[in-house]
Each structure stands twice: as structure tokens, then as C-alpha cells.
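Numbered from 1 within each chain, the chains take letters A, B, ... in sequence-line order. Atoms considered below: every heavy atom in the structure, side chains included; atoms not considered: hydrogens, waters and symmetry mates.
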2 protein chains.
Amino acid sequence: MSRPKTATADLIYERLEGLVAEGRFGDGERLDEVRLAAEFGVSRTPLREALRLLANAGLAEFIPNRGTFVRQPDFTRLVEMFEVMAELEAWCARLAAHRITSAELLLLRQAASLCERALGQKDYHRYYDENAAFHGIIYDAAGNAFLAEETRSMQRRLRPFRQAQLFAVDRLARSMEEHRQILAALEARDAPKAEDLARAHLRIQSVVYQQLRS
Amino acid sequence: MSRPKTATADLIYERLEGLVAEGRFGDGERLDEVRLAAEFGVSRTPLREALRLLANAGLAEFIPNRGTFVRQPDFTRLVEMFEVMAELEAWCARLAAHRITSAELLLLRQAASLCERALGQKDYHRYYDENAAFHGIIYDAAGNAFLAEETRSMQRRLRPFRQAQLFAVDRLARSMEEHRQILAALEARDAPKAEDLARAHLRIQSVVYQQLRS
DNA sequence: GTCTTGAAGATTGTACACAATTTTTTCCGT
DNA sequence: ACGGAAAAAATTGTGTACAATCTTCAAGAC
């Protein structure tokens with residue numbers, strides 16, 4: 001099996017991503033390259049690559065010869081981000097309702113089961129992965145590989161902002177129920193319903209996140 | 001006025017982007033860091049940053065300790081890319097139909113005029129910019145800053161694949177007419193119509209691109 | 001007192017050297 | 001010949017030094 005074996009720049013990026021999501025940096029704060037490099041115990045070369053990734057993800061702004069400045073998302077922006085994600089999910093679901101194969105439906109049922117099992121075992125970390133897999137199958141079933149890729153990318157970008165609400169347990173039970181409904185809509189090839197359910201599925205998460213933050 | 005003043009890594013990125021779009025590299029071809037660095041007359045440090053940007057844009061795959069490999073989009077993928085862009089445009093237009101202000105409508109009318117003037121003067125390079133400005137106003141009018149940003153980003157990523165069809169002159173006249181229709185739909189706050197027009201507006205461009213390539 | 005100028009300091013940008021890793025080649029045993 | 005291990009070559013990853021640029025601050029002109 002080929003492992004990704006991420007380079008240190010990517011590791012640094014993920015740590016920075018987490019720090020931004022935790023709100024450790026103020027909005028507009030400059031990310032000092034030498035300070036951060038020392039802090040992470042690396043040289044500026046890989047750190048700079050990480051900063052570029054951060055800027056590319058929209059979490060910072062990279063200004064040539066000036067520095068990179070964090071863009072701390074406020075509530076409004078977070079809602080906007082989740083709204084975009086919800087729409088991507090909704091679109092994938094709508095397309096998938098038309099194009100999904102029986103083999104993919106089988107995979108989806110299995111993924112839903114794995115989600116339930118992880119939830120039953122209270123293994124929330126694995127639940128997160130199984131949940132991502134469930135949604136990933138829908139992205140793929142939409143029949144637009146580029147869309148699937150972009151949606152996955154967006155999901156990844158939102159991840160640091162979702163972790164807080166991962167452990168809102170009562171929410172997870174509802175989430176499972178919504179999975180079943182989405183699955184049913186896809187099986188029935190009811191595109192509008194699948195679209196609406198997928199949209200609502202994520203919309204609620206953003207609300208939960210807001211509640212936790214405030 | 002604050003200019004961007006892009007760093008060399010960004011310049012290298014744009015050149016690589018163009019080379020990929022022109023089909024200069026085969027799919028899966030490894031981008032040799034030392035060879036390209038020599039070719040561009042820079043060291044590997046900024047070149048590597050450019051390669052990461054390329055990978056982030058989906059035009060290459062960056063595999064740690066192995067290299068970065070170009071992902072030459074085939075026709076199917078190009079259609080997929082334009083389909084996603086069309087949907088983003090459509091969504092922006094739908095939201096804008098509800099939320100656009102009269103000030104923004106004025107800006108839009110002005111932008112449309114500037115497009116027409118550039119077209120009349122056969123200044124196609126400026127037409128491209130004015131056209132981008134026209135659409136940019138719609139993105140902003142959607143009232144979701146994050147969506148606007150992402151749509152702009154996607155527009156930028158597709159740019160190298162669109163330049164070929166920029167000079168299909170008869171297409172441009174039709175494009176102008178479509179601008180007027182979109183503008184009218186927004187003025188009438190007819191969301192479904194604006195959405196459909198925006199979607200069709202870009203869908204056609206992708207078809208034109210295909211014709212030019214083949 | 002305000003504005004301009006310029007020098008000093010701080011910070012980013014890049015070249016280069018070396019370390020780490022992967023890929024290729026060579027050589028040996030069977 | 002064939003497979004496999006080890007050495008050699010090639011390539012990527014990172015630390016460091018220096019160049020380029022920006023920011024700050026002080027001195028001087030008006």
C-alpha cells in the first residue's frame with residue numbers, strides 16, 4: 001500500500017491551521033517566519049511552504065515582501081463557509097440521486113453502518129473518518145470527478161472548524177438519522193429531496209458550531 | 001494604491017500553469033526541479049513554492065520525496081471543471097438576484113458598457129479584464145464574501161484554459177448579448193432566470209474550448 | 001510644527017550546500 | 001538466467017548565508 005508520508009511542510013501547515021481555527025492568532029496578525037520556524041524547530045524554508053499553503057486555503061493572506069497575515073474568520077465568515085460547503089454537498093447529492101449505481105448504494109449502506117458502529121462504540125475519532133467516507137461516496141457518485149475533488153478539498157479546509165462540534169454527542173445521533181434519510185432519498189432517486197436533506201445536514205452543523213463558540 | 005507586486009514564485013507558477021494548459025507536459029510527467037529551475041533561471045527554492053501552488057490548483061500532484069507530477073486534464077475533466085464553474089456562477093447569480101443593491105446594479109451596467117467598448121475597440125485583452133470585472137460584481141452582489149472569493153479563485157484557475165477561446169470573435173458578440181440578458185434578469189430580480197442564464201453563459205464557453213482544442 | 005530625506009534595523013526572498021530519501025545499477029548466489 | 005541485496009546515482013528535503021526589500025526613526029529644510 002502506498003502511504004502519503006507527508007512532508008514536514010504539510011505537518012507545519014496542519015498545526016498552523018489548527019492554531020488559526022482555535023483562534024490563537026488575532027485577525028491580521030503577522031506570522032513571523034523566524035519566530036514560527038524557531039517555535040516549530042524547523043528552518044524557514046519548509047515553514048514558508050506551509051505559509052503559502054495557509055494562504056492558499058484562505059486562512060491567511062500572503063503579501064509579497066511584506067509577510068503573511070492571518071485571516072481569522074468571524075462568525076459571519078464561518079456561516080458563509082458552511083453555507084458554501086452545504087451547497088456543494090447539496091449539489092453532489094442531487095447529481096448522485098440521478099447517477100448513483102447500485103454498487104455505490106451498497107457501499108453507502110456499509111459506510112452508514114460503520115458510522116453507526118463507531119458511534120455505538122463512542123469512538124468519535126473513527127466516527128469522524130467514517131462520516132467523511134460516507135459523504136465521500138456521495139461526492140464520487142455525483143459523476144463529476146472534479147466536483148468530488150473540490151468538495152473533498154472544501155471539507156478538508158473546514159475540518160479544523162468542525163472538530164469542536166464533533167463531541168456534541170446528542171447532535172451525532174441526529175446526524176445518523178439524517179444519514180439514513182439521505183440514503184433513502186438516493187435509493188428512491190429523489191433528487192430534490194436528497195439535495196435538501198444534504199443541505200440541511202450541514203447547515204445544522206454550522207449552527208452548532210456557532211453555539212459552541214459563543 | 002497598493003499593488004500586489006507578485007513574487008517570482010507566483011510568476012513561475014503562472015508560467016507553469018500556462019505550459020500545462022497548452023499541453024506541453026504529458027499526463028503524469030514528472031516536473032524535474034533542477035531542470036525547471038535552470039530553465040526559468042531561478043534556484044529550486046522559489047520553484048518548489050511554485051510547484052506546490054500548481055499542486056494546490058489541481059494541475060499537478062505533489063508526492064513527498066518522490067516529486068510533483070503534472071495532471072494534464074483531458075476533455076472530460078475540462079468539461080467537469082467548466083461545469084463546476086458554471087454552477088458557482090449560477091448560484092452567485094441566483095443569490096445576487098435577491099440581494100443586489102441599486103448601487104451594484106449601476107456598477108454592473110457600467111461594467112457591461114466597458115465590456116462593449118473594449119469589444120468595439122477590439123481590445124480583447126482588456127475585454128477579458130472587463131468581463132472578469134462584470135462577473136466579479138455579481139459574485140460580490142451574492143452577499144456571501146466567501147463564495148465570492150472561491151468563485152474568483154475558480155475563475156482564476158480556469159483562466160489558462162479559457163484564453164484559447166478568448167479570440168473567437170463571433171463568440172464574444174453573443175457573450176455581450178448574454179451579459180445584457182443577465183443584467184435584465186438581475187434588475188427584474190428574477191432569480192431562476194438569472195441562475196439559468198449565468199449557467200448557460202459559461203456552459204457554452206466550455207463547448208467552444210473543446211472545439212478549439214480538437 | 002510638519003514634511004521630506006535618508007540611514008539603520010528588521011524582515012522577506014533566493015541561492016547554495018548538504019542531508020535524507022528514492023531510484024537505478026551492479027554484482028553475487030543459486 | 002533469475003532474484004535479491006547492496007552500492008551508486010539521482011532526486012527531493014532542509015538548514016544557512018546573503019541579497020533585496022520594506023519599515024522605522026531621526027535629522028534637517030522649510
Side-chain angles (χ1 to χ4, degrees), chain A residues 1-20 24-72 156, chain B residues 1-20 24-72 156:
Chain A
M1 204 55 190
S2 67
R3 292 153 304 146
K5 211 178 197 183
T6 80
T8 61
D10 298 284
L11 297 177
I12 303 285
Y13 164 69
E14 291 194 8
R15 292 182 62 181
L16 283 172
E17 191 183 56
L19 291 176
V20 172
R24 294 292 201 82
F25 301 110
D27 185 52
E29 181 176 341
R30 189 177 116 261
L31 294 175
D32 191 297
E33 294 183 1
V34 296
R35 195 174 63 80
L36 285 175
E39 212 159 296
F40 290 129
V42 297
S43 85
R44 279 177 53 222
T45 313
L47 186 104
R48 271 177 65 87
E49 293 187 357
L51 288 182
R52 283 221 177 245
L53 294 178
L54 205 68
N56 215 282
L59 270 54
E61 189 175 5
F62 182 93
I63 303 179
N65 289 314
R66 297 284 296 273
T68 84
F69 303 84
V70 312
R71 293 191 49 178
Q72 175 70 21
R156 206 203 157 291
Chain B
M1 205 54 193
S2 67
R3 292 153 306 145
K5 212 180 196 183
T6 79
T8 60
D10 297 285
L11 297 177
I12 302 284
Y13 164 69
E14 291 192 9
R15 292 182 63 180
L16 283 172
E17 193 182 54
L19 291 176
V20 172
R24 294 294 200 81
F25 302 110
D27 185 51
E29 182 175 340
R30 191 178 114 261
L31 294 175
D32 191 296
E33 295 184 1
V34 296
R35 194 174 66 80
L36 285 175
E39 213 159 297
F40 289 129
V42 297
S43 83
R44 281 176 51 223
T45 313
L47 186 104
R48 272 177 65 86
E49 293 187 356
L51 289 181
R52 281 213 176 255
L53 294 178
L54 205 67
N56 214 282
L59 270 55
E61 189 174 4
F62 181 94
I63 303 179
N65 289 313
R66 297 284 297 271
T68 83
F69 303 84
V70 312
R71 292 190 50 180
Q72 175 70 19
R156 207 205 155 290

For [X] and [N], give me the distance from atom [atom1] to atom [atom2], rounded to whole Å.
{"X": "N65(B)", "N": "dA19(C)", "atom1": "CG", "atom2": "P", "value": "17 Å"}
{"X": "L36(B)", "N": "dT11(D)", "atom1": "CG", "atom2": "P", "value": "12 Å"}
{"X": "F40(B)", "N": "dT14(C)", "atom1": "CZ", "atom2": "P", "value": "14 Å"}
{"X": "L51(B)", "N": "dT11(D)", "atom1": "CG", "atom2": "P", "value": "14 Å"}
{"X": "I12(B)", "N": "dG13(C)", "atom1": "CD1", "atom2": "P", "value": "14 Å"}
{"X": "F62(A)", "N": "dT12(C)", "atom1": "CZ", "atom2": "C1'", "value": "8 Å"}
{"X": "L47(A)", "N": "dT14(D)", "atom1": "CG", "atom2": "C1'", "value": "12 Å"}
{"X": "E33(A)", "N": "dG15(D)", "atom1": "CD", "atom2": "P", "value": "14 Å"}

Notebook entry, point to check: If you look at every strand shown and take non-hydrogen atoms under 4.0 Å, does R30(B) touch a base, only sugar-phosphate, or nothing?
Noted result: sugar-phosphate
Distance below 4.0 Å between [X] side-chain N/O and [N] OP1 or OP2:
{"X": "R44(A)", "N": "dG13(C)", "answer": "no"}
{"X": "R66(B)", "N": "dT23(C)", "answer": "yes"}
{"X": "S43(A)", "N": "dG15(D)", "answer": "yes"}
{"X": "R35(B)", "N": "dT11(D)", "answer": "no"}

Note to self: Both T45(B) and D32(B) contact DNA chain D. Which one's nearest nucleotide lies toward the 5' end?
What the structure shows: D32(B)
Notebook entry, point to check: Does R15(B) make a cation-pi contact with F40(B) (under 6.0 Å, within 45 degrees of the axis)?
Noted result: no
Next item on the list: State, to 0.1 Å, how close V70(B) and D27(B) come at their nearest heavy-atom pair, and which atoms those are.
Entry: O-OD1, 3.7 Å
Next item on the list: Mind listing the closest non-hydrogen atom pair of A9(A) and R52(B) along with its distance?
Entry: CB-NH2, 3.5 Å
Next item on the list: Could you tell me whether a side-chain N or O of E49(A) sits under 3.5 Å from a main-chain N or O of P46(A), the two making a donor and an acceptor?
Entry: no
Margin query: Quick check on R24(B): does its CZ atom have over 12 non-hydrogen neighbours (other residues, nucleotides or ligands) under 6.0 Å away?
Written below: no
